[in-house]
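In what follows, a single structure is set out as structure tokens and then discussed.
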Amino acid sequence: MEVSTMDMDGDKNGDSFKRFLVFLPVIIGILAFIFMLDLIIGSVTIPVDAFVKIITGGQVKETWMHIFWDWRMPKAITALLAGGSLALSGLLMQTFFRNPLADPYILGISSGASLGVAFVMLSAGIFSAGTILGSFGFVGDMSISLAAIIGAFMVLLLIIVISAKIQSNITILVLGIMVAYMSSAMVTILLQFSDQSAMHAYSFWTFGSFSGVTWSQLPIMTTLLCMGYILSICLVKPLNALLLGEQYAESMGMNYRRIRHGIIITTAFMAGGVTAFCGPIGFLGIAIPHFCRSIFVTADHRILVPGCILLGGIIALLTDIISHLPGTDIVLPLNAITALFGAPVVIWVILRGTRFGRGVIS
Amino acid sequence: MKNVPILRCNDLAIGYKNQKSTLKEISKDLNLSLNRGELVCLVGPNGAGKSTLIRTLTGIQPSLGGEIWLAGKNINELSSEEKAKRMSVVLTTPVTTGYMTAFDIVALGRFPYTNWAGRLTPADRQVVMTALATVGAANVSHQYIHEMSDGERQKVMIARALAQEPELMVLDEPTAFLDLPHKIETMRILRHIAQKTGKSILLSTHDLNLAIRCADQLWIMNRSGSMITGTPEDLVISGIFGSAFEIDGVYFDPYRGEFSIPVAKRGTFHIIGSDPMYRLWTVYALERIGYVQANGADPDFVIRIHKSQNEAIWQILHQNDHATCCNIQQLVEKISTLQVSGGDLN
Amino acid sequence: MPQKFMKKTKYALIVSVAVILCLSSIVLGDSEYLFKDKVFPEYAKGFTVEYHDTYKVVNLIDPWGRATENYTYLLVQRGEKIPPGYPNARVFFIPLQKVVTLSTVHIPFISTLNETQSIVGHNGVNLVQDEDFCKRVRQGDIVEIGSGELSMNTLLKMEKLIELDPDAVFCVANGNKEYDNHYKLQEAGLKPVITAEWMEESPLGRAEWIKFFSVFYNKEKIANQVFDRIKNNYFEIKEKVRNCSQKPTLFSGIDYQGSWYAPGENSYVAALFADAGGTYVLGDDTNRGDTILDFESVYEKAHAADYWINIGYADNIDELLALDQRYQKFKAFQDNRIYHYNARVNEHGGNDYWQSGIIKPDVILADLVKILHPDLLPNYTLYYYQHINAT
């Protein structure tokens, strides 16, 4: 399958890029197909000819129209964008920390978001934070997402301030882990003092779901995530330079401080954005970049960045389809399905690494 | 313009600085200069501060005082990109990236010249291939770097630094983990680059034998942090080189151009033979077991080498006995049994 | 002299006869005298009672058929000997004088039997709404022995519990060793009594557990009276509805991050809906228990339902919409016909629906009938339920 053009310059990477361009339409085609599948499959069986009518604007049973436009469509768009964002932010973190097991939440951004959500959901009895936010004029179901974004933003601020003063990446890593622990400790305390229904509400939020995003929330989520996409594309060259490590990257003319901030902010937008609207969804961020690297056989971010966006979308849509167990009414928690997909990939990465005798290779 | 040194430092002080004020100064008042087309080897015992100096000169570590001038400009006034176009590095940090071919790695060297997406123009590609050819790695350009041997990988890293088209290349212990043939090859490549392309090269190394043969200038850094510079041959002849590196029992032989391995002296000998190669290696063998040439004084025994067309015979003459050996191993064995004070050859 | 003697003998005779009669009744211990009133569960399936002369045998039956979860309680009248033949039974001496309750639902049962003074400790005193109980808490007669949470993982203050030295500790069990308290209680030397009224499928069956409690206090008479009254009320209301031809449709619950928990067709919630003359659209005939539905299939089934009863953990319309804007699409929302059982919630979150509501299924039924068929009960005002205003 490998078109080994051993021409004079032996540019295998250039070949990789050309090969990627050739496969691009195929991948986009698969993405479109799976997107449609996610629209078609659901717990309510809608016949295919009804779909045609819905899309072409014909006359169809009203409930089906509503289900399609208000439930299936936003869910599919959310899955598409969330999958790409998680995969991308995972890729960024893996390259930045030169750690193949890094995930998008390693900086503690998602923990900050969870804390924000916990605060709103669990302390409502004490402070009625939800109504406070409501009094600022924020539309109904934004209050939880907004709290998550604020929480993520605070953590981002903390990390940026510290990273401006500290050189070492390990310090930032440890900081992220500490933030995660502290947030989870505070959430535990909040859980201790909350009543049962609030606790249930919070724990359901942690299961993660693409179904909770409505049309009113979609524009904000799309904006956040697309900003992340654009920033990632701008970071392609420095990311490639970072493959050799920060010292080499600096010696090649990269402004490490600036790029580091750029990577952190981009990750925050994407990981924080997804967590805010879908809850903390795990495994996709670790697994998909590796999947991408193996399929395209490259470490070049010019291929991996668009690759992760597309592949992330495809895999996320697949997990959504599976979690809705087509043919039945039952819904499985999203995080369970992503783990079923992601865990084998992670194990495979580790085992494959040992074959080369060098431990894990990114 | 040609006479302006590519690298110059004034009263440079190097060392470590902790957050507050705890300073560890390793060296100060360094006034060094490196000219174009020169290959300079930075040598010195372990812990003298060679790595610190390299890191300070390349900007990885801040200096504690003084100035560094790169191609006539103060290094602090250069932007990252300008600096990258003038100086490239080869470091000791291992590259552990998967799925990168040699070509990809070398292509990264074009970083300061490519557009925002890092796209390679045909001219860029040409530079990359030329760099690979210069280091002799053109035939492995398609191989993945994690599948290469250490020697090949090192060549690729040098090619990358070369592709960056700098005026100065700085290498931190580039020959450290290579076997001897590869060490020599690396030095050969570097010399070739310096001579053919006119680039300047600064490298730190522990391989003193190679350093004094290949370097145009030696920078010797000793434990107290002070620096002595000069042409290797001058430094050897003046004895500075030898004294910088002598430790107990190990000394530098300026006649042989190498460090001698001390052995306890057991006796003296005199050697007669016309073939210089046979003479040389017989002398080495005897020195190894503790016998030195008797210059003028009465030797303990005499060795005579008879070399005919395809074979040689060694004859040992001791007091009034003599013995014959057909190779150096026998010779050594015979002599080892010999007692200096009244022994027997048979 | 003989007159005085006659008087004395008469006196002595009367006294001795009286004494003999009393003694004999005590010594013979006829069950006719000891346990005059008896209870027998008609609707409740979780327990049975056997009466003997000096003791009662109460069997708890696990509705899910797990043998390990069947318990036998041997209730022996104080002063009597423990009868042989019940090796696995837990022995209690009745009537109970000091008890600790771990669930808020126990309070109304005990309170109705006028035995609130027997409670010396409770888990979550802030949540209880019973007036007498609250007074006793303020006086210090009832002690908090838990963390006051409603969660499964309630932390009990074991030392305080042991110090109180109760005759019995009423608790709930799931058959799960990690969460169930009664294993820990037994290890500590306490005497747990498991109540399983929440497993009953019929509303009357749940209320009938007052009979279970009465057995421990020898208060069967009150239990019978109370339950008969509840039963009659319930059937009276049910009868009113039966002649109605119109049965409005209704659904209940909310979405939990993509999963909608709907009470099953055979659950006690569905039974109440049916008895109140409503058509519950989310029930699944094949499934015995609750089902988890996808939001979109709930929408399909319930978008045109007339009433929305129970909105989960949302308390008002703002909170409901804050969870998801799409709730507006339901006809019940648009017609402003949403009702929730949070009319009687105290400031600590304790909901009386889950307390006195358990022994007042007739009131709950009346509430539902008032909602669904308001003309049938013109003079009745909602008690546990309230209208959630969507405008």
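Below, each value reflects all heavy atoms present in this structure, side chains not excepted, and no hydrogens, waters or symmetry copies. Throughout, protein chains are lettered first and strands after them, A, B, ... in sequence-line order, and every chain is numbered starting at 1. In this text the structure is predicted, and so the values were computed from the model without any measurement.
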**OP:** Please look at C/Tyr327 and chain A and tell me whether the side chain, the backbone, both or neither of the residue comes under 4.5 angstrom of a heavy atom of that chain.
**Re:** neither
Original post:
So what's closer than 4.5 Å to chain C heavy atoms on A/Trp215: side chain, backbone, both or neither?
Top reply: neither
Sequence neighbours left out, cut at 3.5 Å: what donor-acceptor pairs do the side chains of residues 71-81 of chain A make with other protein atoms?
from    : atom 1 : to       : atom 2 : distance (Å)
A/Arg72 : NE     : C/Glu296 : OE1    : 2.9
A/Arg72 : NE     : C/Glu296 : OE2    : 2.9
A/Arg72 : NH1    : A/Leu39  : O      : 2.8
A/Arg72 : NH1    : A/Ile40  : O      : 3.0
A/Arg72 : NH2    : A/Val44  : O      : 2.8
A/Arg72 : NH2    : C/Glu296 : OE2    : 2.5
A/Lys75 : NZ     : A/Asp320 : OD2    : 2.8
A/Thr78 : OG1    : A/Pro74  : O      : 2.6

**OP:** Examine distances only and state if a side-chain atom of C/Arg326 and a backbone atom of A/Asp70 form a donor-acceptor pair shorter than 3.5 Å.
**Re:** yes
**OP:** Kindly compute the distance separating OG (A/Ser209) from CG (C/Asp255), expressed to the nearest 0.5 Å.
**Re:** 7.5 Å
Original post:
Where do A/Ile67 and C/Tyr299 come nearest, in terms of heavy atoms and distance?
Top reply: CG1-CD2, 3.6 Å
Subject >> Listed partners of C/Thr101 passing side chain to side chain donor-acceptor pair (under 3.5 Å), at least two apart >> reply: C/His122
**OP:** Output the distance between atom NZ (C/Lys329) and atom OG1 (A/Thr63), rounded to the nearest 0.5 Å.
**Re:** 12.0 Å
Original post:
So with a 6.0 Å cut-off around CZ of A/Phe341, is the heavy-atom count from everything else above 12?
Top reply: yes
**OP:** Any chance you could measure C/Glu300, atom CD, to A/His66, atom NE2, to the nearest 0.5 Å?
**Re:** 12.5 Å
Original post:
Does C/Gln334 CD have over 12 foreign heavy atoms under 6.0 Å away?
Top reply: yes
